[in-house]
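For ligands, and for the atoms within them, numbers begin at 1 and follow the listed sequence. Being a predicted model, the structure only gives us computed values, none of them experimental. Hydrogens, waters and symmetry mates are skipped; everything else that's a heavy atom, side chains included, is used.
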Amino acid sequence: MDQATAQREAATILAAADALGADEATAMIRQYFAPNYSLILDDPVVKAEGPWLYTRNGNKIFDGVAAYSAANLGHGHPLVREVLKGFLDAQQPTVLGRFLGNPYMGLFGKKICELSGFERFLPANGGVEGPEAAIKLARRWAHKVKGVKGTAEILYAEGCFHGRTTTVTQMFGDDEPEAKEGFGPWTPGFRRIPFNDLAALEAAITDTTAAVLIEPIQGEGGINVPDEGHLAAVCKLCKERNVLVIFDEVQTGWARTGNMFCWMHEGEAARPDIMAIGKSVSGGYAPVAGILADNVLMELMDAGSHGSTFGGCPISSAIGYASLVAIEQEDLVAQAREKGAYVRERLEAIAAKSPRIETVRGRGLMFGIEVTKEDPDANAFSKKLLKMGAVIKGTHRWVLRFTPPIVATRDDLDHVLGLIEQAFVPE
Ligand SMILES: Cc1ncc(COP(=O)(O)O)c(C=O)c1O
């Protein structure tokens, strides 16, 4: 296609999207996309900037979940957008067979290792590919280095969420039958242990244990924060017992909890062997994820052991590199700490006045607002807040997840905290 035709056709496509009314667009999504997600709004989002979403029918909504922490930098961060424009204008290759390289891959790899303190990065796409790759690496280590014969077991925590592939789907609890029903049989080699229970972990470890897989704060499970020092204690125990530690920082990473990664709150003693990352590593611009580890482990992933057509491709690397620079330049860690302390104070004050809030928990700008176990439940509060102009979603039945974009200003936060107060505090 020549340039003039492309421009004309592109104008037609853009105009068609602009002309599609709210009802029509919603109906098309409902008809043609699989029904595995239900839309909560019959009014599609047509513009997003920072923490704000703008809909076809002219509503302005605060994104209080930051696209499940994929938009820690807010929507449409200008630095990432500028790099992306320059990248496309220069006709850089967007994708290449992984047997070819591109400068952005080098920049991204170096930066992600510098920021995380690990020696190597294995890039992937969707977040679930992180824990998946970590499981493969841990099993390979167990078989080739630890000397496990047969099944090398992975321990995982009750209440966890690591994604939805056939391997990790078994990790959902029995209280979430919709996520598991009919999808078995399950991949062998996994065992559930209670979350935040060192004694249970110790008792579960055997000579064939390869690794323990844990979220440093359980996100989907209800913003469950382990005891102070637990992560470091897990690392110490696993080191003594020759078991790898995998922390899934897909949701807690990239400043969300007030440190670049959540384990860092407990210092080097809590440094995992393998760390899974995703979501905000791309500033919300593309699916970018992967795992980080040191050479001694990552060198086990030799040529042919693993791969992904788009994982680490040039456009993902350009977006990833720009996002990491933005995370640093915005000093997202300091922002999450400072705003997190403010939001916590306000939420606790609201909780003190509301008969319906059982407790507020979290770290940095990652909050769970647990409601008392009576009707209406957290999902009903979520619906009420949406009508008022804020997306704050329930995780499980009794917890609302509030994880605003870290770049939201004090005014933005005051606005949404005002809505939360109206929803929870009786007149
Ligand atoms: C801790 C954790 N791991 C993995 C995933 C899976 O990420 P994705 O939905 O991008 O596959 C999520 C998603 O919410 C998550 O919170």
N/O to N/O below 3.5 Å, does that happen between V128 and ligand 1? yes
Are K239 and D273 close enough for a salt bridge, meaning some N to O gap below 4.0 Å? no
Within 45° cone of Y54 ring axis and under 6.0 Å: K47 NZ or CZ: yes
Give the ring-plane orientation class for F108 versus F121, where under 30° counts as parallel, over 60° as perpendicular and anything between as tilted. perpendicular
For R56, is there an ion pair with D23 - N to carboxylate O distance below 4.0 angstrom? no
Do protein heavy atoms approach atom 9 (O) of ligand 1 to less than 4.0 Å? no
Quick one: do E249 and R256 make a salt bridge, cutoff under 4.0 Å? no
Is a side-chain N or O of K373 found less than 3.5 angstrom from the main chain of R397, in a donor-acceptor match? no
The closest protein heavy-atom partner of atom 13 (C) of ligand 1 is K279 NZ, 3.1 Å
Distance from atom 16 (O) of ligand 1 to nearest protein heavy atom, with residue and atom: Q251 NE2, 2.7 Å
Atom 7 (O) of ligand 1: nearest protein contact (heavy atom, Å): G127 CA, 3.4 Å
Can any side-chain N or O of R401 pair as donor or acceptor with the backbone N or O of K393 at less than 3.5 Å? no
Are any of the heavy atoms in Y68 under 4.0 Å away from ligand 1? no
Which one of T395, D248, I217, T252 has a non-hydrogen atom at the shortest distance from atom 3 (N) of ligand 1? D248
Who's the nearest protein heavy-atom neighbour of atom 15 (C) of ligand 1, and how far? F161 CD2, 3.7 Å
Decide, yes or no, whether a salt bridge links R271 with D294 under the criterion of side-chain N to carboxylate O below 4.0 Å. yes
Heavy atoms only, cut-off 4.0 Å: how does E129 contact ligand 1, side chain, backbone, both, or neither? neither
Does only the side chain of E220 get under 4.0 Å from ligand 1, or the backbone, or both, or neither? Count heavy atoms. side chain
Quick one: does ligand 1 sit under 4.0 Å from the side chain of E215, the backbone, both or neither, non-hydrogen atoms only? side chain
